[in-house]
Amino acid sequence: MVEADPETVVRSYYDAVDDERYDDLVALFAEDVRYERPGQGAIEGREELREFYLEGRPLEEGSHEVDDLIVDGDTVAVRGSFSGRQDGEEVAFSFADFHEFEEGKIARRYSFTDRDEV
C-alpha cells in the first residue's frame with residue numbers, strides 16, 4: 001500500500017466529511033487520535049471520533065472551502081470557510097485547522113472557529 005502525502009490526506013478528510021463518508025474519514029486517523037476544539041472536550045481514539053461524526057457533531061450538513069493549505073513536515077495547517085446547517089439554521093464561518101501526522105495518519109487535530117460549537 002502506498003502511503004499518501006499529508007496534503008492529500010487532509011484534502012481527503014474535507015471531502016469525506018462533506019460527503020458524510022465517515023468510515024473513509026475515520027480511516028485517515030491514527031488509532032489513538034486526539035481531536036481538540038476550544039471550549040469543548042477532547043475527542044480521543046477512533047471510536048470516539050466515529051461516534052462524534054455519527055451522533056455528536058452539531059453541524060448537520062454543508063461543505064468546506066479550503067483557502068490556504070500549508071505543509072510543514074508532519075503538520076498541515078488549513079484556513080478556510082464552512083457553509084451549511086447547524087440546529088436547522090443556515091451557518092457560514094471561517095476556520096483554521098491543524099493536523100499533526102504520525103506514520104501517515106492524522107494523530108492530532110485542532111480546530112478553531114468563531115462558533116461556540118462545531
Side-chain angles (χ1 to χ4, degrees):
M1 179 175 151
V2 176
E3 188 174 293
D5 65 285
E7 178 176 351
T8 300
V9 172
V10 169
R11 289 188 185 278
S12 295
Y13 162 79
Y14 292 108
D15 290 342
V17 74
D18 290 350
D19 295 341
E20 298 181 3
R21 291 182 288 113
Y22 300 129
D23 288 338
D24 294 342
L25 180 151
V26 170
L28 301 172
F29 290 84
E31 288 290 334
D32 61 348
V33 62
R34 182 174 173 90
Y35 177 21
E36 296 181 19
R37 299 157 297 142
Q40 300 170 74
I43 295 169
E44 298 191 53
R46 273 187 174 174
E47 287 310 310
E48 201 170 307
L49 184 70
R50 179 187 315 280
E51 183 67 22
F52 168 74
Y53 280 102
L54 289 173
E55 301 294 332
R57 184 172 182 245
L59 299 170
E60 298 154 6
E61 60 186 43
S63 63
H64 293 82
E65 181 72 32
V66 172
D67 297 323
D68 294 303
L69 187 148
I70 299 169
V71 179
D72 184 10
D74 290 333
T75 301
V76 178
V78 179
R79 183 183 66 82
S81 58
F82 175 85
S83 59
R85 300 187 66 73
Q86 183 172 351
D87 297 326
E89 296 184 18
E90 295 290 324
V91 296
F93 56 87
S94 297
F95 68 87
D97 290 339
F98 296 86
H99 305 81
E100 295 178 358
F101 281 75
E102 291 177 0
E103 299 179 6
K105 300 283 187 181
I106 302 169
R108 282 168 305 286
R109 182 167 192 272
Y110 309 92
S111 290
F112 301 92
T113 73
D114 60 357
R115 309 252 335 144
D116 290 337
E117 269 189 11
V118 293

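Owing to the predicted nature of the structure, the values given are computational and were not obtained by experimental measurement.
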Sole residue of Asp24, Leu25, Val17 in side-chain contact (heavy atoms from CB on, under 4.5 Å) with Arg21:
Asp24
Treating Glu60 as the side-chain partner and Gly88 as the backbone partner, does any N or O pair qualify as donor plus acceptor under 3.5 Å?
yes
Test side chain to side chain contact (heavy atoms under 4.5 Å, CB included) applied to Ile70 - qualifying residues, sequence neighbours left out
none
Is it the case that over 12 heavy atoms from other parts of the model lie below 6.0 angstrom from the CG atom of Asp68?
yes
Please examine the side chains of Arg37 and Thr113, heavy atoms only from C-beta on, and report whether any two atoms are closer than 4.5 Å.
no
Looking at CZ of Phe93 and OG of Ser81, how far apart are the two atoms once the value is rounded to the nearest 0.5 Å?
9.0 Å
Given Glu100, Glu44, Glu48, the one that forms side-chain hydrogen bond (donor to acceptor under 3.5 Å, both in side chains) with Arg34
Glu44
Nearest heavy-atom contact between Gly73 and Pro6 is O-CG, 4.4 Å
Are Phe29 and Tyr35 close enough, and set up right, to give a side chain to side chain contact (heavy atoms under 4.5 Å, CB included), and what steps lead you there?
CA-CA 10 Å; Phe29 290 84; Tyr35 177 21; 5.9 Å; no
Write down the atom of Leu28, the atom of Val9, and the distance for their closest heavy-atom approach.
CD1-O, 3.8 Å
Which heavy atom of Ser111 sits nearest to which heavy atom of Pro38, and what is that distance?
O-CD, 3.0 Å
Under the salt bridge (charged side-chain N to carboxylate O under 4.0 Å, His left out) rule, collect the residues that match up with Glu55, sequence neighbours excluded.
none
Is the His64 ring parallel, tilted or perpendicular to the Tyr14 ring (thresholds 30°, 60°)?
tilted
Might you point out which heavy atoms bring Ala30 and Ala107 nearest each other, and give the distance in Å?
CB-CA, 4.0 Å
Quick check on Glu90: does its CD atom have over 12 non-hydrogen neighbours (other residues, nucleotides or ligands) under 6.0 Å away?
yes
Can you sort out the partners of Glu102 under side-chain hydrogen bond (donor to acceptor under 3.5 Å, both in side chains), two or more places apart, ordered by chain and number?
Arg108
Who pairs with Asp87 by salt bridge (charged side-chain N to carboxylate O under 4.0 Å, His left out), at least two apart in sequence or on another chain?
none
Rest of the hydrophobic cluster containing Tyr110 (Ile/Leu/Val/Met/Phe/Trp/Tyr, side-chain heavy atoms under 4.5 Å)?
Phe98, Phe112
By salt bridge (charged side-chain N to carboxylate O under 4.0 Å, His left out), Arg109 pairs with (sequence neighbours left out) Asp97
Can you sort out the partners of Asp74 under side chain to side chain contact (heavy atoms under 4.5 Å, CB included), two or more places apart, ordered by chain and number?
Phe101
What pairs with Glu65 under salt bridge (charged side-chain N to carboxylate O under 4.0 Å, His left out), at least two apart in sequence or on another chain?
none
Only counting residues at least two apart or in another chain, list the ones meeting side chain to side chain contact (heavy atoms under 4.5 Å, CB included) with Arg46.
Val26, Glu31, Lys105
Across all chains, not counting sequence neighbours, the side-chain hydrogen bond (donor to acceptor under 3.5 Å, both in side chains) partners of Asp67 are none
Could you list the residues that satisfy side-chain hydrogen bond (donor to acceptor under 3.5 Å, both in side chains) with Arg11, not counting sequence neighbours?
Glu7
Is the cationic atom of Arg57 (NZ for Lys, CZ for Arg) positioned less than 6.0 Å from the six-membered ring centroid of Tyr22 and within 45 degrees of its normal?
no
Those residues at least two apart in sequence (or on a different chain) that pass side-chain hydrogen bond (donor to acceptor under 3.5 Å, both in side chains) with Thr8 are Asp5
